[in-house]
There are 4 protein chains.
Amino acid sequence: MRPRPGRAPHRRSSRARDAVLEAADDLLVERGYAGVTIEGIAERAGVAKQTIYRWWPSKFEILMDTFLEDAENELKIPDTGSTAEDLRKHLRRLARFLTREPAGQVMLALIGQAQHDRAMAVVFQQRYSDERRALDRSILERGVARGDVRDDVDLDFVVDVLYGPLFHRVLLAGLPVNSQFIDALVDDVFPSLAGRPPGPQ
Amino acid sequence: MRPRPGRAPHRRSSRARDAVLEAADDLLVERGYAGVTIEGIAERAGVAKQTIYRWWPSKFEILMDTFLEDAENELKIPDTGSTAEDLRKHLRRLARFLTREPAGQVMLALIGQAQHDRAMAVVFQQRYSDERRALDRSILERGVARGDVRDDVDLDFVVDVLYGPLFHRVLLAGLPVNSQFIDALVDDVFPSLAGRPPGPQ
Amino acid sequence: MRPRPGRAPHRRSSRARDAVLEAADDLLVERGYAGVTIEGIAERAGVAKQTIYRWWPSKFEILMDTFLEDAENELKIPDTGSTAEDLRKHLRRLARFLTREPAGQVMLALIGQAQHDRAMAVVFQQRYSDERRALDRSILERGVARGDVRDDVDLDFVVDVLYGPLFHRVLLAGLPVNSQFIDALVDDVFPSLAGRPPGPQ
Amino acid sequence: MRPRPGRAPHRRSSRARDAVLEAADDLLVERGYAGVTIEGIAERAGVAKQTIYRWWPSKFEILMDTFLEDAENELKIPDTGSTAEDLRKHLRRLARFLTREPAGQVMLALIGQAQHDRAMAVVFQQRYSDERRALDRSILERGVARGDVRDDVDLDFVVDVLYGPLFHRVLLAGLPVNSQFIDALVDDVFPSLAGRPPGPQ
DNA sequence: GAATAACCGAGACGGTACGTCCAGTCTTGAA
DNA sequence: TTCAAGACTGGACGTACCGTCTCGGTTATTC
């Protein structure tokens with residue numbers, strides 16, 4: 001049961017893996033997506049290009065690896081006991097992530113690249129979007145179980161209505177996403193669409 | 001001071017301009033954004049690279065020119081007399097544009113590129129998003145004037161709530177956007193957020 | 001009749017050409033054939049790799065160009081009036097060229113490469129060996145005309161017998177080629193094989 | 001009979017050695033000198049690269065090993081009792097070896113490589129040329145002892161004059177080496193240079 | 001109707017990065 | 001200790017485009 005040390009088949013160097021991910025991340029933040037090159041990553045990571053090509057098919061996948069680790073750490077689903085509060089916390093966290101943090105820049109770059117290339121769009125959906133949607137739904141599903149979310153609405157639709165406006169602002173409008181914006185979503189849109197007053201019965 | 005002998009001559013060749021825009025468009029559809037290269041456009045358009053560089057700063061701007069022409073033609077704001085019906089028609093048109101038409105592919109590519117490069121994001125917003133938001137608002141503003149849209153809601157917020165879910169599906173989820181989805185936005189989300197029953201005064 | 005200036009079709013840069021030839025030459029002398037790389041030439045010549053690939057198919061051809069210019073200048077056929085003296089002078093010049101001069105190193109490298117690759121061997125023969133053999137023969141042909149070379153021997157065979165031993169030493173043996181060696185060829189081998197005493201008639 | 005545990009074991013695997021030599025030989029014939037790579041040899045021989053590096057410093061030395069074995073077998077010095085006939089036989093054998101046989105291709109490749117690299121030239125001379133010259137001389141030395149070769153000529157010089165023309169044709173000219181060519185060397189050049197009529201005394 | 005200057009096609013140029021191949025070194029586990 | 005396997009750093013390959021730069025040839029007015 002214990003992972004025997006030195007057992008991984010064909011002993012990939014974790015030193016190289018980590019250096020590559022970090023270098024790619026840094027380059028993206030410093031120079032933007034086009035400034036991330038395999039050669040640049042290799043040089044900064046102190047790694048040979050061949051090592052990169054051995055383990056990743058494209059810079060997209062490298063950034064995907066970085067991003068997924070960050071998303072897992074930074075975008076945990078809260079559980080406060082109140083659906084509205086879970087949504088508020090999570091939307092705020094997400095807005096901050098997208099607009100202020102390096103890892104959010106990586107995410108935006110990946111979304112951008114996915115618009116350019118069908119294959120990468122599929123990778124992004126399979127490795128991120130699908131699982132993320134399940135997580136996003138989980139807040140609502142807890143609400144359904146708890147009784148403060150209606151059980152007769154399509155939760156996928158609710159997810160799109162709650163998260164879509166945020167992405168619309170960030171990806172298309174370049175308008176600020178502030179607390180009022182989030183609050184309006186949580187306090188106005190959510191209740192009228194899916195909320196149910198925690199009443200008797 | 002003396003621009004005398006030989007008088008002001010040439011102007012830009014519209015033949016070249018059109019050929020370039022069409023070539024860029026075709027290449028994008030055939031090969032994706034990365035497959036659009038200045039050399040490729042020049043060759044296909046039968047135009048010299050220098051001619052392209054003379055009139056456009058980047059392939060992004062070339063595609064921007066194509067896209068703006070298409071958007072103006074294809075995404076006209078309807079005016080049926082009913083806000084809900086205007087929204088329904090327009091959202092359906094937009095969904096179809098994004099998911100089915102070549103010009104929609106161009107738009108998605110431009111949105112994608114805007115995520116990679118701040119400067120291009122600014123260009124996209126100034127040349128498209130700002131004006132588009134005004135157009136999108138105009139449906140609602142007519143509704144306010146007409147009395148079937150509440151006058152105490154932030155119309156920009158309503159725009160994000162109505163259009164955001166659509167883009168969320170298209171840009172991030174890869175899920176289908178069908179009539180029910182649009183209808184749910186128009187019939188459920190819109191009325192509860194901004195609709196007002198056309199009552200007496 | 002006069003070459004109109006700026007007439008060459010598509011204006012190849014002679015600056016680039018010269019810099020490439022010189023860089024290749026220098027690299028060969030400094031680092032040997034394997035040390036001549038297209039990248040190294042490009043860097044040293046201050047030229048883009050693509051420029052090299054545009055005009056030469058391989059480093060072999062680059063060195064061939066250098067070598068042919070040098071050979072033309074350095075291996076002129078002497079004309080002293082005496083076949084034996086012409087041979088002596090030419091063989092000495094050749095021996096010195098091969099064993100002491102940078103251009104001789106280039107020649108040896110090309111001969112070496114020709115052993116590795118049939119296509120290059122053909123290029124070497126067509127661009128050098130064939131013409132050189134004609135030049136080498138010309139010494140003997142003048143001798144035939146003059147009467148101090150027999151007219152019943154195959155001059156190609158004589159060329160092989162006179163030049164072959166020199167190359168045998170240089171290419172295979174690594175033994176010194178001194179004046180005695182040349183003199184033995186001219187004074188012993190040549191007369192008995194092809195010489196004719198300048199007699200009456 | 002069981003190798004006691006902790007015993008000084010292994011010696012060089014002759015299976016690996018043979019497989020490497022054969023693979024190198026095959027690759028040279030199939031793909032030329034540049035097509036012989038350590039990786040290619042290792043793969044074809046079913047051997048690890050490390051094993052090759054353990055026993056040979058370069059592909060040159062691998063081919064050298066192959067070649068020396070072949071030369072020893074294929075280029076035996078004949079002993080017919082007549083110097084002229086020994087020369088004729090040996091020169092014919094050599095011509096055929098160089099122009100027709102796989103092992104001759106290896107030899108030409110090694111000679112070629114020796115022109116590119118001083119160190120390899122030295123190896124080639126020490127491991128082949130010096131010994132070969134002794135063998136070539138031995139034909140003449142037997143002739144001297146026997147009395148049909150003059151004893152006042154430098155036999156090294158005679159070797160160069162007899163073998164040089166052959167290599168000149170093969171290495172430089174790309175001209176055919178046929179029986180007449182060999183016969184002319186043996187019947188015209190050799191007697192006048194070093195032959196002595198087998199007379200009395 | 002001739003002069004003239006911006007425009008055009010063509011494409012060479014110095015560069016950067018691509019993705020691949022191979023060199024030579026190192027490490028692992030089996031025999 | 002050797003071996004097969006194969007990951008590692010590193011360097012060069014030959015290609016594709018970038019954006020800049022002539023080069024001549026072609027308009028299309030305006031004197």
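These numbers come from the heavy atoms of this one structure, side chains and all, not from hydrogens, waters or symmetry mates. Predicted, not measured: the structure shown is a model, and the values here were computed from it. By convention in this document, chain letters (A, B, ...) are assigned in the order of the sequence lines, proteins followed by strands, and residues within each chain are numbered from 1.
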Report yes if a side-chain nitrogen or oxygen of B:Thr51 is closer than 4.0 Å to either non-bridging phosphate oxygen (OP1 or OP2) of E:dG9; otherwise report no. yes
Is the phosphate of F:dC3, meaning OP1 or OP2, less than 4.0 Å from a side-chain N or O of D:Trp55?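 Indeed, a polar side-chain atom of D:Trp55 lies that close.
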Residues B:Glu69, B:Arg17; criterion salt bridge (Lys or Arg N to Asp or Glu O under 4.0 Å); working and verdict: CA-CA 13 Å; B:Glu69 285 187 9; B:Arg17 190 189 116 98; 2.4 Å; yes
Rounded to whole angstroms, how far apart are [atom1] on [X] and [atom2] on [N]?
X       : N      : atom1 : atom2 : result
D:Lys59 : E:dC22 : NZ    : P     : 10 Å
D:Arg54 : F:dA4  : CZ    : C1'   : 10 Å
A:Ile52 : F:dT9  : CD1   : P     : 9 Å
C:Ile41 : E:dC13 : CD1   : P     : 15 Å
C:Glu39 : F:dG10 : CD    : C1'   : 12 Å
D:Trp56 : E:dT25 : CH2   : P     : 16 Å
D:Glu43 : E:dC21 : CD    : C1'   : 13 Å
A:Arg12 : E:dT28 : CZ    : C1'   : 18 Å

Hey, does [X] reach any base, or is it just sugar-phosphate, or nothing, if we go heavy atoms under 4.0 Å?
X       : value
C:Arg17 : nothing
A:Gly46 : sugar-phosphate
D:Thr37 : sugar-phosphate

Does B:Gln50 contact F:dC21 through a side-chain donor or acceptor facing the base, at a distance under 3.5 Å?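 Yes.
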Using a distance-only criterion (donor-acceptor N/O pair, under 3.5 Å, no hydrogens), is the base of E:dG15 paired with the side chain of C:Lys49?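 Answer is no: no donor-acceptor pair is held.
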If you assign A:Gly40 and B:Ala45 each to the DNA chain E nucleotide with the nearest heavy atom, which residue ends up on the more 5' nucleotide?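 Upstream on the strand: B:Ala45.
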Quick one: on DNA chain E, does A:Tyr53 or C:Arg15 contact a more 5' nucleotide (nearest heavy atom)?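 By nearest-heavy-atom nucleotide position, the 5'-most residue is C:Arg15.
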Keeping the roles fixed (side chain from D:Gln115, backbone from C:Leu171), state whether a donor-acceptor pair exists under 3.5 Å. yes
Minimal non-hydrogen separation, B:Gly112 against A:His116, with atom names: C-NE2, 3.8 Å
List the atom of C:Ala45, the atom of C:Ala19, and the distance in Å for their closest heavy-atom pair. CB-O, 3.5 Å
Show every donor-acceptor pair shorter than 3.5 Å between a side-chain atom in residues 23-34 of chain D and any protein atom, with sequence neighbours excluded, or say none if there are none.
from: D:Glu30; atom 1: OE1; to: D:Arg44; atom 2: NH2; distance (Å): 2.8
from: D:Glu30; atom 1: OE2; to: D:Arg44; atom 2: NH1; distance (Å): 3.2
from: D:Glu30; atom 1: OE2; to: D:Arg44; atom 2: NH2; distance (Å): 3.4

